[in-house]
Chemist: 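One structure, as C-alpha cells, below. Some questions next.
Quantities reported herein were computed from a predicted structural model and do not represent experimental measurements. Counting convention: from 1, in listed order, for ligands and their atoms alike.
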Amino acid sequence: AAAGGGGDLPLIPANQVILLARLGEGEFGEVFSGRLTRGDSAVQEVAVKVLASAQTRLDFVKEAAVMAKLAHPSIVRVLGLCENKRLMMLLELCPLGSLLDYIRQPARQAALTDCQEPLYRWALQVAEGMQYLEQRGCIHRDLAARNVLLADEGRAKISDFGLSRAVGADTDYYRATQRGKWPIKWYAPEAIYYRLFSSASDVWSFGVCLWELYSLGEPPWGDLDGVEVLKQIEEGCRLPQPRLAASDLYNLMQQCWAYKPEDRPSFDRLQAWFQHVTTNVYEN
Ligand code: ADP
C-alpha cells in the first residue's frame with residue numbers, strides 16, 4: 001500500500017471489487033457503483049472511478065492521494081486504488097448522486113419550496129467540509145453543486161478533488177500553471193485573471209454554489225459566456241437574489257462575491273453563520 005502523509009491510500013486487490021451499474025461520466029472517465037469484498041469478507045457498496053486514458057494517470061493518482069489525507073463527514077472518502085487493465089479509484093458511495101441533479105427533480109423542488117431546512121443543512125455541511133479544507137491549507141478549486149454528492153437526504157459531501165491543491169507553508173495562494181477547462185462562472189476575478197487560488201477564491205465558488213442551491217439548480221448567469229460574465233463582475237453586477245434565499249442569506253452570498261479576496265468571509269465565519277441558522281431557526 002502506498003502511504004500518503006496523513007492518510008493511507010491502499011492498493012486493493014482486483015478480485016475484491018466488482019462493478020455493478022454506471023453512475024455517471026467524469027473528467028477522467030466513467031463512474032460505476034460497485035461492491036468491495038475485503039479479506040475479512042466484509043462487504044461494502046462503493047463508487048468506482050475508472051481512469052479512461054493513461055495520459056492522465058498521474059493526475060488521477062494525485063487526486064486520490066489528496067483525498068486520502070482528508071477525513072471529514074462532509075468529504076467523500078477515498079478507499080483506495082485498484083488496478084485491473086484499468087486504474088480505478090474506489091470511493092465511498094453517495095447513492096443519491098449529485099446535489100445539482102437532486103434539486104432539479106420536480107418533486108424535490110416542490111418540497112424544498114415549502115421548506116428550505118434541507119438547503120440550510122446541506123449548506124452548513126458543505127461549509128463545515130470547506131472549513132476543514134481551509135484549516136489544512138487545501139484549496140478545492142472546483143466547488144459547485146455538481147460536485148456535492150448526497151450520501152442520503154441528510155448528508156451532503158464534497159467530491160471531485162481533481163483540481164484541488166495544497167498551498168505552501170509560506171503562502172495562502174496557489175498559482176495554477178496548467179491550462180484546461182475552467183469553471184469560470186464559479187471563479188473569483190483574481191483566479192480568472194492571475195490564476196491565483198486560495199481559500200478566499202473557494203469562498204467565491206461557495207457563494208455561487210449557495211446561489212445554485214437556493215435557485216434549485218438554475219445555471220448561474222444563464223447562457224452568458226465567460227467574457228460577458230467577467231464584464232458584469234467588473235461593473236459590480238452579481239447574480240440576482242434567488243427566490244428561496246431570504247435577504248440576510250443573499251447578503252451573505254454577496255459578501256462571498258466581494259471583489260477583493262480579503263473582504264470575503266472565511267469558511268470559519270460561513271460555517272458559524274449556517275450553524276446559527278440551523279440551530280436557532282430549525283431546531284426546537
Ligand atoms: P467530474 O469529473 O465530471 O466533475 P466525477 O468524475 O467526480 O465528476 O463524477 C461523475 C459523476 O459520477 C457524478 O456526477 C456522479 O453522478 C457520479 N459519482 C461520482 N462519485 C460518486 C460517488 N462517490 N458516489 C456516487 N456517485 C458518484
Chemist: Under the 3.5 angstrom rule, does the side chain of Arg77 hit a backbone N or O of Glu92 as a donor-acceptor pair?
Modeler: no

Chemist: Provide, to 0.1 Å, the distance between atom 25 (C) of ligand 1 and the closest protein heavy atom, together with that atom's residue and name.
Modeler: Cys94 O, 3.1 Å

Chemist: Can you check whether Leu249 reaches Trp273 side chain to side chain, under 4.5 Å on heavy atoms?
Modeler: yes

Chemist: So that I can tick it off, tell me whether Glu212 and Lys185 are bridged by a salt bridge, with the cut-off set at under 4.0 angstrom between side-chain N and carboxylate O.
Modeler: no

Chemist: Under a 4.0 Å heavy-atom limit, does Asn147 contact ligand 1 with its side chain, its backbone, both, or neither?
Modeler: side chain

Chemist: Please list the nearest protein heavy atom to atom 23 (N) of ligand 1 with its residue and the distance rounded to 0.1 Å.
Modeler: Glu92 O, 2.8 Å

Chemist: Could you check atom 1 (P) of ligand 1 against the protein and tell me its nearest heavy-atom contact, residue, atom and distance included?
Modeler: Asp160 OD2, 2.9 Å

Chemist: Could you check atom 21 (C) of ligand 1 against the protein and tell me its nearest heavy-atom contact, residue, atom and distance included?
Modeler: Leu149 CD1, 3.3 Å

Chemist: Which residue owns the protein heavy atom closest to atom 6 (O) of ligand 1, what's the atom, and how far is it?
Modeler: Lys49 CE, 2.9 Å

Chemist: Keeping the roles fixed (side chain from Arg238, backbone from Trp257), state whether a donor-acceptor pair exists under 3.5 Å.
Modeler: yes

Chemist: Does the pair Arg264/Glu134 count as a salt bridge with the N-to-O cut at 4.0 Å?
Modeler: no

Chemist: List ligand 1 atoms under 4.0 Å from Glu25, heavy atoms only on the residue side.
Modeler: 3 (O), 10 (C)

Chemist: Among all the protein's non-hydrogen atoms, which is closest to atom 9 (O) of ligand 1, and how far away is it?
Modeler: Val31 CG2, 3.7 Å

Chemist: Tell me the protein heavy atom at minimum distance from atom 16 (O) of ligand 1, and give that distance in Å.
Modeler: Leu23 O, 4.0 Å

Chemist: Identify the protein heavy atom lying closest to atom 3 (O) of ligand 1, giving its residue, its atom name and the separation to 0.1 Å.
Modeler: Gly26 CA, 3.2 Å

Chemist: How long is the gap from CD1 on Ile158 to NE2 on His140, to the nearest 0.5 Å?
Modeler: 6.5 Å

Chemist: Below 6.0 angstrom between ring centroids: does that apply to Tyr132 and Phe267?
Modeler: no

